[in-house]
2 protein chains.
Amino acid sequence: MGGNNIQRACNTVDSLKRTGMSSSLDILGEASVSEHEADEYQKAYLEMIPAMSAHMQAWTDVEIVDQLHGRAAPRLNVSLKLSSLYSQIDASDTKGSVHAIKQRLIPILECALEHHAFVMIDMEQYDYKNIILTCFLEILEESRFRHWPDLGIAIQAYLRDAFDDLLRIVEALKKRATPATVRLVRGAYWDYETIVADQNNWPSPVWLHKNDSDANFEHCMGFLFSEHPVIETVVATHNTRSLAAAMAIAESHKLSNQDYEFQMLYGMADSLKNSLVQRQQHLRIYVPYGETLPGMAYLVRRLLENSSGQSVLDMGLTHEQPVDLDKPEFSLHEEDKKHSVDDHFQNQSLYRLTETAERAVFVQALSQCRQQFGQVYPLTIDGKSYHTKQSIISITPASPEETVGVVASADQRQADAALASAKKAHVYWRRVSVTERANHLRKIASLLQDRRVEFAAWQIFEAGKNWREADADVCEAIDFLNYYADQAERLEQVAVDQSSGEQNTLCYRSRGVGLVIPPWNFPLAILTGMMAATIVCGNTAIVKPSSQTPVIAVKFVELIHQAGLPDGVVNLIAGSGADIGEYLANHVDVQVIAFTGSIAVGSRLINIAAQLHPGQTHIKRIIAEMGGKNAIIVDSDADMDEAVTGTVSSAFGFQGQKCSAASRVIVLDHIYDSFLERLVETARSLRTGPPEDPGNVMGPVINTQAHTKILSAVNDGKQQAQLALYDSVGHFGKGYFIPPVIFKEVTADSMLAQVEIFGPVLSVLRARDFDQALQLANNSKYALTGGVYSRDPDHLQRAKSEFNVGNLYLNRKITGALVSRQPFGGYKLSGTGYKAGGENYLLQFMDSSTITENTMRRGFAPIEVHKDK
Amino acid sequence: MGGNNIQRACNTVDSLKRTGMSSSLDILGEASVSEHEADEYQKAYLEMIPAMSAHMQAWTDVEIVDQLHGRAAPRLNVSLKLSSLYSQIDASDTKGSVHAIKQRLIPILECALEHHAFVMIDMEQYDYKNIILTCFLEILEESRFRHWPDLGIAIQAYLRDAFDDLLRIVEALKKRATPATVRLVRGAYWDYETIVADQNNWPSPVWLHKNDSDANFEHCMGFLFSEHPVIETVVATHNTRSLAAAMAIAESHKLSNQDYEFQMLYGMADSLKNSLVQRQQHLRIYVPYGETLPGMAYLVRRLLENSSGQSVLDMGLTHEQPVDLDKPEFSLHEEDKKHSVDDHFQNQSLYRLTETAERAVFVQALSQCRQQFGQVYPLTIDGKSYHTKQSIISITPASPEETVGVVASADQRQADAALASAKKAHVYWRRVSVTERANHLRKIASLLQDRRVEFAAWQIFEAGKNWREADADVCEAIDFLNYYADQAERLEQVAVDQSSGEQNTLCYRSRGVGLVIPPWNFPLAILTGMMAATIVCGNTAIVKPSSQTPVIAVKFVELIHQAGLPDGVVNLIAGSGADIGEYLANHVDVQVIAFTGSIAVGSRLINIAAQLHPGQTHIKRIIAEMGGKNAIIVDSDADMDEAVTGTVSSAFGFQGQKCSAASRVIVLDHIYDSFLERLVETARSLRTGPPEDPGNVMGPVINTQAHTKILSAVNDGKQQAQLALYDSVGHFGKGYFIPPVIFKEVTADSMLAQVEIFGPVLSVLRARDFDQALQLANNSKYALTGGVYSRDPDHLQRAKSEFNVGNLYLNRKITGALVSRQPFGGYKLSGTGYKAGGENYLLQFMDSSTITENTMRRGFAPIEVHKDK
């Protein structure tokens with residue numbers, strides 16, 4: 001906020017004043033992506049309030065503008081977005097978010113109080129609503145603001161719970177006995193809320209029909225007017241019907257023009273504004289201003305909002321016709337019904353974590369897990385438990401002195417027993433109908449769904465995932481079970497090209513014993529996916545979990561057996577990969593190997609699988625998903641807010657320990673410096689610490705070897721490129737924590753650009769143009785994931801055809817592929833198989849038979865196919 | 001035909017005579033599957049005619065029965081099926097078939113002449129029509145039969161060319177000046193003809209609508225009556241409308257009841273028959289009799305014919321209602337139109353070879369090929385021809401002293417050049433649109449279609465295929481081109497599970513350079529299939545043809561370039577597999593290997609492909625189709641005619657040199673002896689010799705090594721089992737001929753039951769029940785093709801779920817899978833890949849990318865997916 005801006009703001013409010021309107025100033029800026037930006041945002045208000053206030057004090061009184069609610073209204077009125085005051089705002093950490101926001105909000109409020117300015121807290125997307133409302137309600141009760149009436153909050157009538165929120169506010173205001181303002185709006189994020197809810201299979205927080213939003217708007221307005229003067233009401237609308245309704249309802253409550261105000265946006269509906277002023281209505285104009293980079297987001301949103309066919313505001317303006325407004329509950333009912341009857345595969349919904357109760361179950365599950373720490377777990381072979389002399393001690397990487405559990409470790413004898421069990425079970429299992437096998441998967445999914453949070457909690461401890469990552473892993477496991485169940489049924493019998501007198505069908509058959517070797521980074525999801533695919537096809541499985549995360553595997557196999565899966569269909573043997581893993585992979589009785597892990601182990605297994613041993617009567621099938629060195633290209637016209645947050649989230653989510661994680665970001669020369677600056681600040685703002693605390697986005701890396709290896713790579717990297725971010729790791733105790741590391745000016749062929757580090761280390765490369773950016777992106781032996789942030793349709797098209805990756809993401813983060821929606825997997829050295837969570841995946845676990853039946857007998861066909869000819 | 005049967009026949013004709021009807025005797029038996037059966041059939045007539053004739057001479061005269069056409073009609077009237085007089089009857093060898101049939105027919109005719117019997121030649125399926133008609137016309141002109149009027153032929157009015165055939169007959173009769181009889185029937189093979197035409201994409205030889213058959217029947221009848229007395233007419237129908245029409249038309253031509261006769265089947269429509277007799281019409285009853293095993297086929301056909309909803313005869317009987325009969329041409333027109341607008345993939349039709357002109361083009365093409373024998377052919381690299389010092393001499397295995405061609409043989413330098421060319425071409429070719437690549441394939445298919453017979457002729461010489469096998473190979477090549485073109489377009493962009501605010505697409509990408517190593521046994525089809533799949537996916541190809549069949553490969557690559565395929569997309573280098581084959585398979589620049597051949601070479605290539613060489617940035621994909629030791633199970637209730645001919649055709653087609661060929665037949669104990677006996681006689685009846693002559697079903701094996709190896713396996717086999725058939729190979733000259741070899745009582749684990757011999761050697765195993773049969777069938781390291789002949793639905797169902805083969809055939813031969821209709825390929829040690837000619841095949845030649853585009857911008861989505869929610 002330079003003085004230049006303030007001068008322009010003065011001019012604007014002066015001219016509004018001349019036309020009889022008051023103003024509310026909003027400094028452009030939402031989605032502060034770093035704490036640095038949050039500080040800047042706060043500073044802007046702290047500078048603007050005294051300056052503007054001084055300017056406006058010099059005005060002469062105009063009653064219609066200055067008098068409101070029977071007193072002199074503050075001349076300066078500012079609107080404020082709380083999300084801009086804390087870059088790490090997150091519903092899962094509501095408490096921490098409220099605390100951090102208030103740290104920066106209170107000085108602004110104190111400043112406003114001192115300079116007799118009104119502060120209106122804007123409402124934002126639904127994920128932040130409870131945080132924003134909580135901040136407001138807590139502020140109301142702070143003793144220094146207790147008698148301050150010049151404070152307000154916006155409430156969005158398009159939300160289904162708007163009325164309940166109004167009740168909470170009225171209750172609080174009655175308690176404090178000083179009024180405050182509610183600005184009733186319809187809400188500006190309708191598309192966003194609808195899409196986000198749809199993408200996550202969440203119930204929509206907004207009314208889906210305009211009529212319902214309208215009805216709720218008038219319903220809430222009536223309530224607000226009825227609570228006058230406890231609540232002072234602002235009606236924010238451009239809709240003539242709503243304006244008329246407001247006046248009529250106000251009149252019915254015997255309110256005068258001075259007892260409420262209207263608000264409209266600057267630059268819109270000017271004739272409407274003038275008629276209100278002529279009617280002596282109090283009209284405040286919402287004036288966004290500023291020119292900082294983050295401000296662009298706001299302007300774009302407002303532009304789109306006013307051109308979107310679905311915008312509630314827009315619909316009000318353009319489809320001006322009398323409608324009957326039903327009670328909103330009516331159509332809600334219909335929507336919900338429609339949702340429940342849809343039997344198409346649906347991804348399991350993540351917890352939204354906006355509600356206190358949702359967050360409480362996590363806290364409880366974590367506590368219950370911790371109580372079980374240190375227990376001893378057996379192997380499971382043929383449904384029976386085996387304890388062994390050797391065992392694997394599984395620790396929690398956030399505090400390695402804590403033992404999550406001790407798991408029996410198999411040797412060759414147990415491996416042989418597991419093979420015998422799997423072979424025996426196959427004889428029975430392969431004859432079980434596909435539907436029955438699929439239903440076993442669905443049963444497991446259903447049990448897992450019931451115990452989601454528990455399974456997430458184990459991962460938070462054993463793998464070091466944060467709440468959301470752990471929740472996502474469990475959801476993906478559930479998805480794999482349900483999806484592969486559906487797919488197996490789909491593939492049960494595929495009709496092929498038919499002809500008269502014969503019937504051709506394609507059938508699939510199980511192969512035999514499958515060896516499943518999952519990684520530790522998605523210890524439940526990938527284990528479950530590879531196992532589910534193996535067994536739903538009629539194979540039996542030997543699962544050798546990662547030695548870093550054996551407890552989650554044991555817990556899951558316990559659940560499988562509770563679900564009633566026959567003994568021997570899944571056998572669990574933890575143990576050394578080099579030892580029993582290779583022994584099993586080499587074994588003549590193993591027919592399929594499903595592996596996810598490093599290229600080193602993967603290429604060794606590919607080699608082993610290609611050997612034809614004496615007596616072997618099959619060629620082993622291997623599905624190997626391996627590494628990545630994934631790049632995001634940031635084009636010169638990219639949306640910076642989205643590129644920065646998307647890159648940070650892709651690179652540092654789960655500490656960069658995903659095969660899909662971004663480890664290279666290739667930035668166009670033109671914007672390299674500004675992008676890098678925001679990237680570094682954004683990454684620096686991520687909180688690192690034990691993932692039990694939902695405020696810590698970044699947890700530990702998996703173990704001491706990984707910790708050492710990553711730090712050593714960082715050390716080597718310093719010889720090749722410049723460190724742009726490398727904060728001390730000293731203050732996190734004994735956990736294997738590494739906060740985000742960013743290298744800049746990384747060169748194309750250096751280790752930092754070529755080698756998968758598998759940790760929170762991001763290399764920034766500079767590209768002179770989009771061609772070179774693509775070339776750099778493709779300069780890798782891997783081809784797993786990749787992303788492009790660009791607004792140039794040609795560049796997006798070129799990326800689609802030329803960016804060599806298995807999963808390409810345009811204008812979004814490059815991690816978090818969902819089963820069915822984003823079939824996942826790479827090529828080059830990233831993998832050998834067809835996409836997990838995709839239609840072709842199961843083909844790899846089966847053989848196929850074409851069955852041709854001659855239906856013509858002695859020249860006659862019982863079915864009269866030819867009749868249609 | 002025992003005396004017992006003759007006695008029963010006498011009783012039947014006696015009782016018919018008593019009711020005023022005459023008779024035509026037909027000895028049951030069609031589809032003589034061996035020359036032995038043909039001899040038996042002839043013998044039956046030679047015995048029956050004198051015996052029956054003597055019996056009937058003793059009758060007293062009854063005018064209505066005995067007087068016809070103004071003379072005493074022969075009391076004995078026999079019907080005869082010419083196909084039963086030659087087991088190798090085949091349209092492709094019309095001349096040979098006519099000759100062979102006449103050899104056995106003339107003695108019957110002489111016998112009939114001597115014993116004053118009438119001989120009616122039945123008409124059979126369309127494939128034999130011209131052979132049968134030709135026999136009849138030639139007999140008419142034989143001097144000893146020239147003045148014999150007691151001879152007739154059946155003409156089927158449901159055939160579109162029935163009228164033209166009548167014209168030919170009238171012309172011949174006018175020339176010889178002695179009348180003969182035409183029995184006008186509707187035709188009894190309507191289902192069969194329709195299905196066969198549909199399965200082969202041939203134009204239907206029969207009218208598709210009953211009305212058209214009816215109209216044609218009356219049209220032909222009118223013509224026949226108008227040609228009285230040159231032609232003497234028999235109207236064979238049970239349809240009252242047709243009967244009435246016949247009488248009316250006869251009257252209009254001023255014919256008396258003695259000038260024509262009616263015929264009906266024995267045991268049907270008795271009241272109708274009686275009314276005809278009451279009307280003093282001449283009525284002859286067609287009496288089939290006999291009890292030999294082959295006779296069953298006839299009875300079954302007659303039973304089904306009279307219960308099939310589509311049977312013309314049946315429709316006439318049951319849907320007795322007046323209809324307007326259009327000119328048949330009218331609906332023909334519609335049918336044909338419908339056929340031509342169907343743009344769904346259709347298999348290329350084989351030549352039906354019923355027409356003289358079709359056969360003539362084969363003869364001509366063979367002659368033209370032979371004129372080109374001995375030419376020298378180059379390699380093709382990057383569109384340029386290369387001659388080399390080393391070369392491969394390709395001989396014709398039927399007469400090894402003849403050199404088909406001399407083809408340049410590549411060494412490592414040319415292999416490197418081919419790689420460089422393919423790599424360079426890939427840069428361009430992968431960016432060519434899928435549609436354009438698909439159209440290149442279609443163009444090649446179209447050129448190949450124009451030159452089908454030429455390409456078949458080369459195979460007849462170079463591979464030793466017979467006409468039909470060679471034609472089928474070329475058709476399959478055309479099918480692969482068209483089918484993979486369609487499939488590539490289908491896979492171009494696959495939408496996956498969608499969600500609001502994002503767009504998910506699955507795209508496929510080329511891998512790079514593909515190495516194509518086809519076998520010699522389908523030297524064009526498999527080469528073309530693997531090559532087409534490689535290049536339509538955007539890869540480029542290096543084709544290393546088999547050293548046994550390099551000329552056909554060179555000819556095809558010439559054609560490809562004539563079709564305008566860009567240089568370097570397909571490079572042809574003949575040469576040693578152990579040498580340049582392995583060199584290329586090992587090369588770091590080869591990304592896909594498509595191989596069809598032996599398990600020895602295949603497993604070696606699988607091993608090579610699994611190596612990760614320094615600098616390699618991909619895991620090689622290998623598609624290996626290997627051997628089989630394919631079994632047919634003949635259940636105790638199997639249709640013997642079909643089981644015998646299906647087994648013989650599966651085992652000895654192309655001398656057993658197909659990976660799909662039957663090399664084991666597992667016969668249920670109960671029918672083992674009778675099946676074996678017919679099997680041996682049927683196989684023995686196959687004619688072996690140079691495949692230029694279409695009368696030789698069996699040609700040579702591919703080369704001297706194969707000849708030696710197969711004979712040595714036969715020699716070894718003698719130690720393990722009993723030879724049931726092993727005819728001398730001495731009289732075939734220098735060609736590598738081996739007539740069918742059959743071993744009986746082969747044991748489960750012997751070499752004869754386990755090792756792929758790849759020649760005309762069939763092992764017969766005995767099974768005590770169906771369980772054991774399945775167990776024996778599955779007792780193999782291979783799982784390629786298999787078959788079951790059974791009428792037991794439970795057994796067929798068990799085979800479907802338990803017979804471990806990639807292609808299972810029920811009640812038909814196990815070779816001849818068609819592209820798209822029978823996706824082809826095995827598992828266990830038979831192959832690694834997805835089915836050729838099936839929907840998943842192309843997946844193996846590509847990598848895939850899921851592209852996820854965020855379509856939500858700042859909270860707004862341009863496409864309103866959510867509106868439908």
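Any value given below was found using the heavy atoms of this structure, including those in side chains, with hydrogens, waters and symmetry copies removed. In what follows, chains are A, B, ... by sequence order, proteins preceding strands, each numbered from 1.
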Region of [X] in contact with chain A, defined by heavy-atom distances below 4.5 Å:
X: Phe803(B); answer: backbone
X: Leu843(B); answer: both
X: Tyr508(B); answer: side chain
X: Arg621(B); answer: side chain
X: Met846(B); answer: neither

Tell me whether [X] contacts the main-chain N or O of [Y] through its side chain, where contact means a donor paired with an acceptor under 3.5 Å.
X: Asn807(B); Y: Gly786(B); result: no
X: Gln844(B); Y: Asn840(B); result: no
X: Tyr782(B); Y: Gly831(B); result: no
X: Gln503(A); Y: Thr852(A); result: no

For this session: Return the minimal non-hydrogen interatomic distance between Tyr189(A) and Gln125(A), and the atom names on each side.
Result: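 Reported closest heavy-atom pair: CE2-OE1, 3.8 Å.
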
For this session: For the pair Glu853(B) and Lys800(A), find out whether any cationic side-chain nitrogen is under 4.0 Å from an anionic carboxylate oxygen.
Result: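 A salt bridge links Glu853(B) with Lys800(A).
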
Looking at [options], which has the largest count of heavy-atom pairs under 4.5 Å with chain B?
options: Asn811(A), Thr505(A), Leu796(A); answer: Asn811(A)
options: Ala610(A), Ser603(A), Ala197(A), Ser849(A); answer: Ser849(A)
options: Met626(A), Glu802(A), Arg821(A), Lys781(A); answer: Arg821(A)

Exercise. Among Ala799(B), Gly512(B), Ser820(B), which has the most heavy-atom pairs under 4.5 Å with chain A?
Worked result: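 Between Ala799(B), Gly512(B), Ser820(B), the count favours Ser820(B).
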
For this session: Could you tell me which of Asn854(B), Leu506(B), Thr850(B), Leu808(B) has the largest number of non-hydrogen atom pairs under 4.5 Å with chain A?
Result: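 Of the options given, most contacts go to Thr850(B).
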
Exercise. Can you say whether Gln616(A) sits under 4.5 Å from chain B via the side chain, the backbone, both, or neither, judging by heavy atoms?
Worked result: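 Only the backbone of Gln616(A) comes within 4.5 Å of chain B.
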
Problem set entry | Toward chain B, the part of Ser801(A) with a non-hydrogen atom under 4.5 Å |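 For Ser801(A), the backbone is the part near chain B, not the side chain.
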
Exercise. Would you say the ring centroid of Tyr834(B) lies under 6.0 angstrom from that of Tyr841(B)?
Worked result: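 Tyr834(B) vs Tyr841(B): aromatic centres not under 6.0 Å.
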
Exercise. With respect to Tyr827(B), which candidate in Arg509(A), His618(A), Arg511(A) satisfies the side chain to side chain donor-acceptor pair (under 3.5 Å) definition?
Worked result: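 Going through Arg509(A), His618(A), Arg511(A) one by one, the side chain to side chain donor-acceptor pair (under 3.5 Å) with Tyr827(B) is satisfied by Arg509(A) alone.
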
